[in-house]
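Counting starts at 1 for both ligands and their atoms, in listed order.
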Amino acid sequence: MAVSTRLDEAQVDGLLDMDPERFRAAAHAAVDVMADYLAAVERFAVFPPVEPGSIGPEFPDAAPESPEPIETILADYRRLVEPNATHWQHPGFLAYFGTTASGPGIVGEMLTAALGQNAMLWRTSPVATELEGVVVGWLRQAVGLPGAFDGLITDTASTSSLIALAAAREAAGVDAAGQGIGGRPDVPRLRVYASAEAHSSIEKACMTLGLGRAAVVKVSTNERFEMIPAELDIAIARDRAAGHRPIAIVATLGTTSSTSVDPISACADIAAREGLWFHVDAAYAGPVALLAERRGPFAGWERADSIVINPHKWLFTPLDASLLLTRRMADLRAAFSLVPEYLRTIDREGAVRDYNEYTPQLGRRFRALKLWIQLRWFGLEGLRRRLRHHLELAERFAAWVDADPEWERLAPVPFSTVCFRWADGSDDDNAAIMDAVNRSGEVFLSHTRLDGRFAIRLAVGNLRTEARHVARAWELLREAAEATAAERDGR
Ligand SMILES: Cc1ncc(COP(=O)(O)O)c(C=O)c1O
């Protein structure tokens, strides 16, 4: 049988893994698939022409009983997986916030997989543990934060903020780690303050921590979608008067909808005065602090207790990699440390750092490896050049919107995201325009709501995006608006 002769012997009657030489051939073939994909990603529609439920039935109902050759599996990958993906690697991906997997980042992921580290303890991976400390230090310095910040790398900003808020709760002296918070008359309702524009991950963190969504006080924002400090003051005073216990303020540096920046220094002042933990969510915009000339909006973030920045957003690192910086590692540890005998290091004199003591989960990926490889391949200067390019592309797009009376910009553009709408149309018209543009397959945009109005978002952050893709997006938008107008006017 032709197919079975291509099976690896290990597949036929072996008890061990793929033979190393077969692995070499399979991995080379997979690298060819990857390189072909990246070389020609533009031939795909950014969002595939599929409907919900159309992909699952393409796959068998049950796993195969008999082994299959790797060539067949890779062929199916090309046939069934690649074309049905949303192509985040496509240069026309201008939706949400870009997550690009850079070439060196992908190489890092491959090496990470091959080394198979579980970085839960120093002992289970000395190099993963110590390189994580090195890379955290490199990134901290690159964004201009002082040496008082230590930190760790987690999977996502959602986890980073969860950890920060758990630490904030411990720092408030509640001993939730030991006693829990349910059924304790001695523990008042705990409160976390964030702007109405803060990311949903803050509420989710509070849901997960047993504080509930009700614990999140959404402070009003001004016409620029920035938290109003006076409203924050009022909210804290009101809660204190009601007997609640404020524990943390979350300021967002680059909100998800409009990339607005909360007044960081004012929030830091209030947190200091009120004795609250100050967490800064810079998941998207944090990398901009690599650019010394753009650090204005960051002033005051050095006073935070914790800061989250996502390399897997605007530092081109393959998902996942979120950097949680904090001055208060001991509070993180108080929130999550639990060391059963089987995890104790008993044969080393020096103190060891076991990162699992700072996180809810035990097993940890060696994420520092891809960051180390990437930071060296690009160099900080290379990253800065790309960030400046993205900022410039967004500025150019915003200028086109501003110059065209048929279009309206809905928010300032402090970074690389532009929120806008076709001024001549309704919310439904704008949704239809975005849909038409996305159906072209050439670019992919997403939306939000600002001041209750439908806003189309164009976010530059993909490593492969060039000026021509942003220009094409503008052309497609105007064509779609023209078609909408023509239809409405019965032309
Ligand atoms: C400001 C902000 N914070 C947090 C997140 C959540 O990020 P993650 O998907 O890494 O949890 C996002 C996602 O877009 C975000 O924009």
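Within the structure, no pair that satisfies the ring-ring contact (aromatic ring centres under 6.0 Å, His included) test touches residues 247-267, not counting sequence neighbours.
Between E408 and R453, at least one side-chain N (NZ, or NE/NH1/NH2) sits under 4.0 Å from a carboxylate O, which counts as a salt bridge.
For the residue pair S257/T448, the side-chain donor-acceptor check at 3.5 Å is satisfied. Side-chain polar atoms of S260 and T255 form a donor-acceptor pair below 3.5 angstrom.
Tested against R468, the residues E442, E475, E42 include a single salt bridge (Lys or Arg N to Asp or Glu O under 4.0 Å) partner, E42.
Heavy-atom minimum distance, A335 versus A177: O-CB, 3.9 Å.
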Which atom pairs, nitrogen or oxygen on both sides, join ligand 1 and the protein at under 3.5 angstrom?
from     : atom 1 : to   : atom 2 : distance (Å)
ligand 1 : 3 (N)  : D281 : OD1    : 3.2
ligand 1 : 3 (N)  : D281 : OD2    : 2.6
ligand 1 : 7 (O)  : K313 : NZ     : 3.1
ligand 1 : 10 (O) : A157 : N      : 2.8
ligand 1 : 10 (O) : N310 : ND2    : 2.8
ligand 1 : 10 (O) : H312 : NE2    : 3.1
ligand 1 : 11 (O) : A157 : N      : 3.4
ligand 1 : 11 (O) : S158 : N      : 2.8
ligand 1 : 11 (O) : S158 : OG     : 2.5
ligand 1 : 14 (O) : K313 : NZ     : 3.4
ligand 1 : 16 (O) : T256 : OG1    : 2.8

